[in-house]
Visitor: 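Following this message is one structure expressed as structure tokens.
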Amino acid sequence: MIEQLMEEAVSPENWHTAWKAVVSNDGAPGIDGMRCSELVEHLQRHGEAIRAKLLAGRYTPSPVLRTKIPKPGGGERDLGIPTVMDRFVQQLLLQVLTPIYEPRFSARSYGFRPGRSTHDAVRQAQAYVKEGKSYVIDLDIEKFFDRVNHNLLMHRLRETVSDVRVRTLIGRYLKAGVMVNGVVQDNEEGTPQGGPLSPLLANIYLDPLDWELEGRGLAYVRYADDCNIYVGSAAAAQRVLASIIGWIEKKLRLKVNQTKSGTGPTTGRRLLGFSINARGVIAIAQKSMARFQEKVRALWRPQRHRGNEEMREEWNQYVRGWCSHFALAEEVRWVKRADGWIRRHIRKYYWQRWHCAQGRLHAFQRLGISRHHWVSARSSRGAWCMAGSPALQAAISVASLRRYGYLMPSVLLAR
DNA sequence: CTCCAACGTAC
RNA sequence: CUUGUACGUUGGAG
Ligand SMILES: Nc1ncnc2c1ncn2[C@H]1C[C@H](O)[C@@H](COP(=O)(O)OP(=O)(O)OP(=O)(O)O)O1
């Protein structure tokens with residue numbers, strides 16, 4: 001059964017879902033310039049030949065296309081974009097390897113895994129803090145995907161994947177090379193940032209780290225290369241940090257990113273866009289909040305070709321998505337509670353761009369919301385906006401977020 | 001539960 | 001012409 005993994009990979013059903021996945025992503029072409037929309041035709045024409053090559057273990061992937069994108073924190077990310085065909089083949093492998101590896105992975109690993117979310121990871125971290133482990137060792141690996149060691153990874157794969165064709169194909173993908181400015185270069189390490197299989201390979205590569213941490217009885221969560229270990233004291237944190245860095249460099253042959261990694265109280269350190277204080281309250285991390293504010297300002301900048309209704313719609317869909325992720329944070333929960341309360345008392349809501357502080361003040365006073373729960377007119381300028389679904393829920397004062405630690409609900413006039 | 005579209009976040 | 005995995009929100013077809 002496990003000997004015929006490649007047969008399973010090229011089965012009609014797997015073939016079809018892999019094709020669906022690549023086409024629905026609708027990503028950019030690789031070095032051959034073939035678009036996702038052209039994949040259907042290509043598979044109809046060469047599908048059988050490709051299937052035969054895969055089964056014979058004679059398929060050779062193309063190099064990936066090097067594209068640079070800016071990272072949120074500054075710096076550049078080197079993407080490696082495989083051709084649409086190679087993304088399809090990797091998708092075939094991903095779909096058969098995932099059910100094999102999923103049950104073997106640690107329960108504390110959350111990144112890139114089906115059925116596991118950032119929320120699950122943060123809630124687990126919160127549980128640790130509530131147990132009194134309010135110091136964290138935050139480990140981040142330097143250029144993680146780009147530095148994955150081929151030999152080590154292939155050894156890992158040998159332990160669980162018996163089908164040689166699958167293993168050699170993965171090996172070829174790792175060594176497929178990159179095209180930079182039209183010139184193909186060899187690569188001796190790394191798995192491409194942009195390969196459908198890369199996230200799974202990354203988890204396979206870091207799997208021993210999970211077992212090492214669990215073996216040491218440490219309380220931790222891991223999301224891709226971002227590993228957070230929770231301990232009860234600053235001294236323990238320092239001790240564990242040094243020891244784990246050594247282990248990672250020796251056993252995993254990876255460098256720990258010294259600038260991103262460190263130890264400290266959980267308050268002020270960020271985990272997946274959140275921060276957790278000593279009492280276990282989850283808040284929006286400063287960096288994520290800053291990004292949000294930046295985006296809000298851009299969204300609200302008046303533009304000629306953009307009408308008011310259009311702006312409002314754009315804003316609503318952005319905030320809906322944003323709030324769905326940060327719904328775990330206390331600030332957003334507070335707004336939602338306030339919204340429920342406001343809904344019960346007011347039928348009509350109003351969307352406004354510029355401040356109208358007096359009107360709001362009166363509205364709040366009529367509603368019995370006390371003064372310290374809202375913002376001064378000075379700090380609110382230009383920053384009032386509506387949160388949530390088109391039906392509206394509450395307004396948020398971006399300017400006051402950090403000062404008060406909560407999102408401010410605001411209510412408004414009739415339409 | 002599967003699939004389609006739009007959008008958001010994490011890495 | 002910005003790739004990938006995963007999760008989530010809204011809407012739609014079964
Ligand atoms: N947009 C993306 N597309 C594809 N892969 C990504 C993307 N973002 C992150 N990854 C993958 C590849 C990264 O090696 C890995 C960890 O991300 P991240 O820690 O942000 O950067 P990095 O480890 O490559 O560099 P560094 O940590 O040194 O800044 O997750």
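Below, chain A is the first sequence line, B the second, and so on; all start at residue 1.
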Visitor: When you check the side-chain N and O atoms of A:Glu8 and A:Asn14, is any donor under 3.5 Å from an acceptor?
Guide: no

Visitor: Report yes if a side-chain nitrogen or oxygen of A:Asn25 is closer than 4.0 Å to either non-bridging phosphate oxygen (OP1 or OP2) of C:G4; otherwise report no.
Guide: yes

Visitor: Round to a whole Å and report the spacing from CG of A:Asp86 to C1' of C:G4.
Guide: 14 Å

Visitor: Taking only side-chain nitrogens and oxygens of A:Gln91, does any of them come within less than 4.0 Å of OP1 or OP2 of C:U5?
Guide: yes

Visitor: A:Tyr220 and A:Asp210: side-chain donor and acceptor closer than 3.5 Å?
Guide: yes

Visitor: Is the distance from OP1 or OP2 of C:C7 to the nearest side-chain N or O of A:Arg113 less than 4.0 Å?
Guide: no

Visitor: Could you pull out the closest heavy-atom pair between A:Leu272 and A:Thr118, with the gap in Å?
Guide: CD1-O, 3.8 Å

Visitor: Indicate whether any N or O donor in one side chain lies under 3.5 Å from an N or O acceptor in the other, for A:Tyr205 and A:Asp225.
Guide: no

Visitor: Nearest whole Å is fine: how far is C:G4 P from A:Asn203 CG?
Guide: 18 Å

Visitor: I'd like to know if the side chain of A:Thr259 pairs up with that of A:Asn257 as donor and acceptor (distance under 3.5 Å, no hydrogens or angles considered).
Guide: yes

Visitor: What integer distance in Å separates A:Asp32:CG from C:U3:C1'?
Guide: 14 Å

Visitor: Report which part of the nucleic acid A:Gly195 touches: base, sugar-phosphate, or nothing (heavy-atom distance under 4.0 Å, all strands).
Guide: sugar-phosphate

Visitor: To the nearest angstrom, how far is A:Gln90 atom CD from C:U5 atom P?
Guide: 9 Å

Visitor: For A:Arg35, does the CZ atom have more than 12 heavy-atom neighbours from other residues, nucleotides or ligands under 6.0 Å away?
Guide: no

Visitor: When we call it a touch if two heavy atoms are under 4.0 Å apart, what does A:Gly115 touch: a base, just sugar-phosphate, or nothing?
Guide: sugar-phosphate

Visitor: Over all strands shown, is A:Lys68 touching base, sugar-phosphate only, or nothing at heavy-atom distances under 4.0 angstrom?
Guide: nothing

Visitor: Base, sugar-phosphate or nothing for A:Leu79? Non-hydrogen atoms, less than 4.0 Å.
Guide: base

Visitor: Do you know which two heavy atoms are closest between A:Val122 and A:Leu271, and how far apart they sit?
Guide: CG2-O, 4.1 Å

Visitor: From CZ of A:Phe88 over to C1' of C:U3, roughly how many Å is that when rounded to an integer?
Guide: 18 Å

Visitor: Hey, is the main chain of A:Val22 close enough, under 3.5 Å, to the side chain of A:Asn25 for a donor-acceptor pair?
Guide: no

Visitor: Tell me the interatomic distance from A:Arg66, atom CZ, to C:C1, atom P, rounded to whole angstroms.
Guide: 17 Å

Visitor: What is the distance, to the nearest angstrom, from the CG atom on A:Asp146 to the C1' atom on C:G4?
Guide: 13 Å

Visitor: What string of B, S and - do you get for nucleotides 5-11 of chain B 5' to 3' if you count protein non-hydrogen atoms under 4.0 Å?
Guide: S-SSSBB

Visitor: Atom CG of A:Asp26 to atom P of B:dC4: distance rounded to whole Å?
Guide: 12 Å

Visitor: What are the two closest non-hydrogen atoms of A:Arg113 and A:Asn203, and how far apart are they?
Guide: CG-ND2, 3.6 Å

Visitor: For A:Ile69 and A:Ala21, take the nucleotide of RNA chain C holding the closest heavy atom to each; which residue's nucleotide lies nearer the 5' end?
Guide: A:Ile69

Visitor: In residues 123-130 of chain A, what residues come within less than 4.0 Å of RNA chain C, judged by heavy atoms?
Guide: none

Visitor: NA contact type, A:Pro70, heavy-atom cut-off 4.0 Å: base, sugar-phosphate, or nothing?
Guide: base

Visitor: Using a cut-off of 4.0 Å on non-hydrogen atoms, how would the nucleic acid contact of A:Ser198 be classed: base, sugar-phosphate, or nothing?
Guide: nothing

Visitor: Take atom C1' in C:C1 and the same atom in B:dG8, then report the distance between them in whole Å.
Guide: 22 Å

Visitor: Taking A:Arg51 for the side chain and A:Val10 for the main chain, is one N or O donor matched with an acceptor at less than 3.5 Å?
Guide: yes

